[in-house]
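These notes are about the structure you will find just below.
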Amino acid sequence: MKKDMIFAEETQAVGDFNFGEKTAAVFEDMLDRSIPLYRELQRMLGEIAAEFAVGGTNVYDLGCSNGITLETLSSAIASGGKRVRLVGVDYSPAMLDQAALRFSGQERTDKPELVLADLNEGCKIENASVVVLNLTLQFVRPLFRDHLIRSIFDGLNENGCLILVEKVLGNDSLLNRQFIKFYYDMKRRNDYSDTEIAMKREALENVLIPYRIDENFELLKRNGFGSVDIFYKWYNFAGLLGVKSAV
């Protein structure tokens, strides 16, 4: 696994963050060092998905990147004896290449279908029991988020779920600043330099647009999800579970 050194050079120009070949090559190291409790979060995603997945339905990972969550979903659901169709969607060809490589050596019939698409332009969801947006919605422009969440709701079967994990803003500005400080302290513990932290923050400024937890909560509610609750929280990161309740 290659180490994330994308912003290690102090003299390099900082452009908007992207998920091209350089990021794809070091993405897993970036996740381990940048996302709090990431391996436990992956376990939770699999656990929840296995509970809500229904045999013969579709399970989607929107913004599937290099396929790490798809692999988690596949293993967890299969261990419960359920057979589903896995679909991974991402706008980055480099990430989809990495996802295809992840599953290439496996002799199994449940390899995911990988789809190249921009979620800002919508996504067709059908016969779904589980949809995952793992640190993805924050990269969708706010103008298009309601449309995407509504299309997910419409494509879910009764009692299907949406698993949403996001970087979030705090409701209180003082505490929000403190939570961000704790986050950067975590990155320093994971061997990111102050230069790397500052440059990545600048690169993400116009690309990653977080909501508050209550804004994400309301986003799910107003687009049809009857049951919504928080299942994961670490300072300025949160996971919400929304269920399409029976009418």
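The figures that follow rest on heavy atoms only: side chains count, while hydrogens, waters and symmetry mates do not.
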Item to check | Heavy-atom pair with the smallest gap, counting every atom of Leu137 and Arg145 | outcome: O-NE, 3.2 Å
Checklist entry - Under a 4.5 Å cut-off applied to non-hydrogen side-chain atoms, are Glu166 and Tyr211 in contact? => result no
Checklist entry - With sequence neighbours left out, what residues match Tyr235 under side-chain contact (heavy atoms from CB on, under 4.5 Å)? => result Phe179, Phe182
Checklist entry - Say you draw a straight line from CD1 of Ile77 to OG1 of Thr72; how long is it, rounded to the nearest 0.5 Å? => result 10.5 Å
Item to check | Worked check of side-chain contact (heavy atoms from CB on, under 4.5 Å) between Val84 and Leu73 | outcome: CA-CA 10 Å; Val84 299; Leu73 300 176; over 6 Å; no
Checklist entry - In terms of side-chain geometry, is the basic nitrogen of Asp185 or Lys181 positioned less than 4.0 Å from the acidic oxygen of its partner? => result yes
Checklist entry - Where is the tightest heavy-atom contact between Phe153 and Gly224, given as atom of each residue plus distance? => result CE1-O, 3.0 Å
Next on the checklist: I'd like to check Asp229 versus Leu241 (side-chain heavy atoms, cut-off strictly below 4.5 Å). Are they in contact?
Outcome noted: no
Checklist outcome for this item: Rounded to the nearest 0.5 Å, the CZ atom of Arg188 sits from the CD1 atom of Ile197 at a distance of 4.5 Å
Item to check | Pairwise side-chain contact, Phe225 with Leu240, heavy-atom cut-off 4.5 Å (strictly under) | outcome: no
Checklist entry - Are Leu37 and Leu164 grouped together when hydrophobic residues (ILVMFWY) are joined by side-chain heavy atoms under 4.5 angstrom apart? => result no
Next on the checklist: Ignoring hydrogens, what is the shortest heavy-atom contact between Lys167 and Tyr183? Give both atom names and the distance.
Outcome noted: NZ-CE2, 3.6 Å
Next on the checklist: Any side-chain to backbone donor/acceptor pair from Asn58 onto Glu126? Under 3.5 Å, distance only.
Outcome noted: yes
Checklist entry - Quick one: are Val165 and Leu45 in side-chain contact, heavy atoms under 4.5 Å? => result yes
Next on the checklist: Working to the nearest 0.5 angstrom, can you tell me the gap between Asn171 CG and Glu215 CD?
Outcome noted: 8.0 Å
Next on the checklist: Testing the basics here: between Leu162 and Leu156, what is the closest heavy-atom pair and its distance to 0.1 Å?
Outcome noted: N-CD1, 4.3 Å
Checklist entry - Would you call Arg43 and Glu47 a salt bridge, taking side-chain N to carboxylate O under 4.0 Å as the test? => result yes
Item to check | Over 12 non-hydrogen atoms of neighbours within 6.0 angstrom of CD in Glu218 | outcome: yes
Item to check | Verify same cluster id: Val132, Leu31 (apolar side-chain graph, 4.5 Å) | outcome: yes
Checklist entry - Does any N or O in the side chain of Asn127 come within less than 3.5 Å of the main-chain N or O of Gly56, such that one atom is a donor and the other an acceptor? => result yes
Next on the checklist: I want to check something: taking the side chain as every heavy atom from C-beta on, are Leu133 and Ile149 in contact at a cut-off of under 4.5 Å?
Outcome noted: yes
Next on the checklist: How long is the straight-line distance from SG of Cys64 back to CG of Asp90, given to the nearest 0.5 Å?
Outcome noted: 5.0 Å
Item to check | In one Ile/Leu/Val/Met/Phe/Trp/Tyr side-chain cluster, 4.5 Å: Leu220, Phe139 | outcome: no
Checklist entry - Is there a salt bridge (Lys or Arg N to Asp or Glu O under 4.0 Å) between Asp146 and Arg150 once you walk through the steps? => result CA-CA 6 Å; Asp146 274 276; Arg150 173 55 70 170; over 6 Å; no
Checklist outcome for this item: Between the NZ atom in Lys82 and the CZ atom in Phe52, the distance rounded to the nearest 0.5 Å is 9.5 Å
Next on the checklist: side-chain contact (heavy atoms from CB on, under 4.5 Å) for Val54 and Asn159? Distances and angles first, verdict last.
Outcome noted: CA-CA 10 Å; Val54 175; Asn159 296 318; over 6 Å; no
Checklist entry - Roughly how far, to the nearest 0.5 Å, is the CG atom of Leu169 from the CG atom of Asn216? => result 9.5 Å
Next on the checklist: Are Asn134 and Tyr38 packed together at the side-chain level, in the sense that at least one heavy-atom pair is separated by less than 4.5 angstrom?
Outcome noted: yes
Next on the checklist: Assigning hydrophobic clusters by single linkage (Ile, Leu, Val, Met, Phe, Trp, Tyr; side-chain heavy-atom cutoff under 4.5 Å), is Phe217 placed with Val243?
Outcome noted: no
Checklist entry - Can you tell which of Leu174, Asp172, Ile180 makes a side chain to side chain contact (heavy atoms under 4.5 Å, CB included) with Asn176? => result Ile180
Item to check | Linked, directly or transitively: Leu135 and Val59 (ILVMFWY side chains, under 4.5 Å) | outcome: yes
Item to check | Heavy-atom pair of closest approach, residues Ala49 and Val130 | outcome: O-CG2, 3.8 Å
Item to check | Flag, side chain of Ser75 to backbone of Glu71, donor-acceptor distance under 3.5 Å | outcome: yes
Item to check | Step-by-step ring-ring contact (aromatic ring centres under 6.0 Å, His included) determination, Phe237 to Tyr232 | outcome: CA-CA 8 Å; Phe237 285 80; Tyr232 158 88; 7.3 Å; no
Next on the checklist: Does the Lys NZ or Arg CZ of Lys111 fall within the cation-pi geometry relative to Phe103 - under 6.0 Å from the ring centre and within 45° of the axis?
Outcome noted: no
Checklist entry - What closest approach, in Å, do Arg102 and Asn66 show between heavy atoms, and which atom pair accounts for it? => result NE-O, 3.0 Å
Next on the checklist: With a 3.5 Å distance limit and no angle check, can you tell me whether Arg141 reaches the backbone of Asn120 through a side-chain donor-acceptor pair?
Outcome noted: no
Checklist entry - Would you say the side-chain atoms of Lys233 pair up with the backbone N or O of Gly239, donor to acceptor, closer than 3.5 Å? => result no
Item to check | Side-chain touch Ser34/Lys187, heavy atoms, less than 4.5 angstrom | outcome: yes
Checklist entry - Below 4.5 Å, heavy atoms only, C-beta onward: do Tyr60 and Lys124 meet side chain to side chain? => result no
Checklist entry - Ser104 side chain to Leu101 main-chain N or O, any donor-acceptor pair under 3.5 Å? => result yes
